[in-house]
2 protein chains.
Amino acid sequence: MTAKVKRKYKFAVMAVDVAIFTIKENKLHSLLIQMKKKPFSGMWAAPGGLIRGTESLDIAANRLLLEKAGVKNVYLEQLYAFGEPSRDPFGRVVSVAYFALIPSRGIILKTTKEYADVRWFPVKKLPKMAYDHKKIIGTAAKRLQAKLGYTNIVYSLLPKEFTLTEMQEAYEIILGKKMDKRNFRKKIFSLKLVKKIAKKQQGEANRPANLYKFTARKLKIVEIL
Amino acid sequence: MTAKVKRKYKFAVMAVDVAIFTIKENKLHSLLIQMKKKPFSGMWAAPGGLIRGTESLDIAANRLLLEKAGVKNVYLEQLYAFGEPSRDPFGRVVSVAYFALIPSRGIILKTTKEYADVRWFPVKKLPKMAYDHKKIIGTAAKRLQAKLGYTNIVYSLLPKEFTLTEMQEAYEIILGKKMDKRNFRKKIFSLKLVKKIAKKQQGEANRPANLYKFTARKLKIVEIL
DNA sequence: GCAAAAGTGTTTAACATACACCCATGG
DNA sequence: CCATGGGTGTATGTTAAACACTTTTGC
């Protein structure tokens with residue numbers, strides 16, 4: 001891919017990279033950081049880095065999200081280990097990729113001096129990316145699609161209080177298809193995933209929608225689709 | 001867990017371990033090797049070892065299965081990366097676990113001088129195991145159960161030619177429950193997973209069963225259960 | 001009073017489940 | 001001829017899918 005890069009590490013080392021998603025502006029977005037060091041300067045990457053000697057993989061993933069992007073309190077699960085020998089020009093780096101979700105309201109991104117920029121990109125319009133990170137984002141997006149179908153994972157993309165239309169839109173955006181409003185609600189109600197609260201959405205030029213919250217904000221296996 | 005073991009590696013190193021299953025004697029079995037070196041001497045472990053600098057994870061998994069147990073040509077997929085700092089007393093070893101399946105007919109196990117023994121154990125009666133390998137086998141068994149439900153993965157546990165009763169028994173053994181013969185067959189036929197061949201099972205003291213083969217010996221996503 | 005999104009049921013088709021008897025072979 | 005597992009169909013209940021109009025608000 002690129003010529004002559006000094007191999008920094010003599011042995012295989014372990015990295016963790018995190019594909020983190022949110023829904024913004026009716027599109028699925030992924031958080032990327034812009035690299036400074038060659039040969040990837042200007043290119044974008046998922047937040048990640050080497051693990052420390054004393055931390056578990058899960059803890060490393062949480063730490064790196066916070067350090068590299070200022071993000072915390074997210075849904076996080078292990079995705080896949082990427083270990084092609086050629087995937088990192090600095091040496092043999094095996095990356096355990098993680099997959100994270102966060103609601104978009106109220107996130108403040110943090111740039112560090114190590115990186116040029118931190119931004120959300122629509123998953124359908126990713127910029128030029130470093131390493132095999134485009135593949136990692138793609139694998140994570142597929143996992144997200146699959147999990148929508150058999151778990152209540154959508155809770156981790158929505159705020160505490162939300163309308164059923166917002167919930168349905170999350171499905172439609174991620175799955176890339178329209179769904180039937182009545183059938184969708186019937187299913188959600190029959191599974192008792194949400195409960196109505198005594199508040200309505202305000203300030204819209206139309207009938208105000210009821211607000212709901214999840215009965216449990218914890219991953220559960222349920223047949224949704 | 002055990003006292004005073006010299007830490008052999010200064011940095012985190014990468015290992016691959018393989019949970020391999022077959023069906024034997026109407027039970028799900030996993031292949032284990034018996035260790036010689038302390039502090040695990042006498043205990044059993046899934047075949048595995050350190051990755052080489054130039055091989056991918058998938059290739060390492062295949063190589064280790066062959067080297068440590070003499071097994072090849074198996075269904076193999078990545079399972080999960082286990083990275084608790086304390087999981088290996090020799091140092092910081094992150095293990096990418098794999099999950100493998102093989103039909104039981106005609107396998108010849110190979111013992112090496114590095115290990116005391118190689119044997120199949122019923123998954124419900126595992127011996128005392130090294131590292132976190134009991135957890136790895138357990139995670140793999142759950143993955144297998146789940147995949148039976150939404151893929152044609154059972155092909156990798158059956159011989160080229162098999163009876164429908166054998167196929168159904170594979171499901172019953174792994175899921176731990178009886179299934180209805182007529183409904184099972186209806187489902188398998190409607191998905192066109194198998195085709196009848198012009199041979200019958202011989203030598204049983206009852207009506208001979210028709211033999212079948214899979215239309216495709218390749219992983220496919222299909223709603224079976 | 002109009003534009004915009006919210007909310008709400010019924011009908012039909014597909015699929016899952018439960019269930020019992022006759023058949024072909026070996027010994 | 002008997003023991004053993006092989007092979008087959010139907011009726012019922014449950015779930016999925018298709019489909020359109022009325023309501024409530026802001027402006």
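Following rounding to the nearest Å, Gln201(B) (CD) and dG5(D) (P) show an atom-to-atom distance of 11 Å. Taking atom CE on Met167(A) and atom P on dG7(C), their separation rounds to 14 Å, with Å as the unit. As a whole-Å value, the separation of Lys181(B) NZ from dA20(C) C1' is 11 Å. dA6(C) atom C1' lies 12 Å from atom CD of Glu169(A), rounded to whole Å. Between Gln168(B) atom CD and dG6(D) atom C1' there is a gap of 12 Å when expressed in whole angstrom units. Atoms CG (Leu191(B)) and C1' (dA16(C)) sit 13 Å apart, rounded to a whole Å. Taking atom CD on Gln202(B) and atom C1' on dG6(D), their separation rounds to 15 Å, with Å as the unit. The interatomic distance linking Arg207(A) (CZ) with dC2(C) (C1') rounds to 17 Å, in whole Å.
Of the two residues contacting DNA chain C, namely Ala205(A) and Lys200(A), the nearest-nucleotide position lying further toward the 5' end is that of Ala205(A).
Applying the ring pair (Phe, Tyr, Trp, His ring centres under 6.0 Å) test to every pair with at least one member in residues 189-225 of chain A, sequence neighbours left out, gives these pairs: Phe162(A)-Phe214(A).
Annotation for Lys135(B): atom NZ does not count as buried by contact number, only 12 or fewer foreign heavy atoms lying within 6.0 Å. No more than 12 heavy atoms of other residues, nucleotides or ligands shown are found within 6.0 angstrom of NZ on Lys213(B).
Here the closest heavy-atom approach between residue Ala15(A) and residue Val93(A) is recorded as CB-CG1, 3.6 Å. Looking at every heavy atom in both residues, Ile137(B) comes nearest to Ser30(B) through CD1-OG, 3.2 Å. Shown here for Met179(B) and Phe184(B), the closest heavy-atom pair between the two residues is CE-CD1, 3.8 Å. Closest of all the heavy-atom pairs between Arg87(B) and Val94(B) is NH1-C, 4.3 Å.
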Could you run down nucleotides 9-18 of chain D 5' to 3' and tag each one B, S or - for protein heavy-atom contact under 4.0 Å? BB-----SBB
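Within 4.0 Å of Glu204(A), counting heavy atoms only, lie sugar-phosphate atoms of the nucleic acid but no base atom.
The phosphate of dG7(D) (OP1 or OP2) has a side-chain N or O of Arg185(B) nearer than 4.0 angstrom. Residue Thr165(A) places at least one side-chain N or O under 4.0 Å from the OP1 or OP2 atom of dA6(C).
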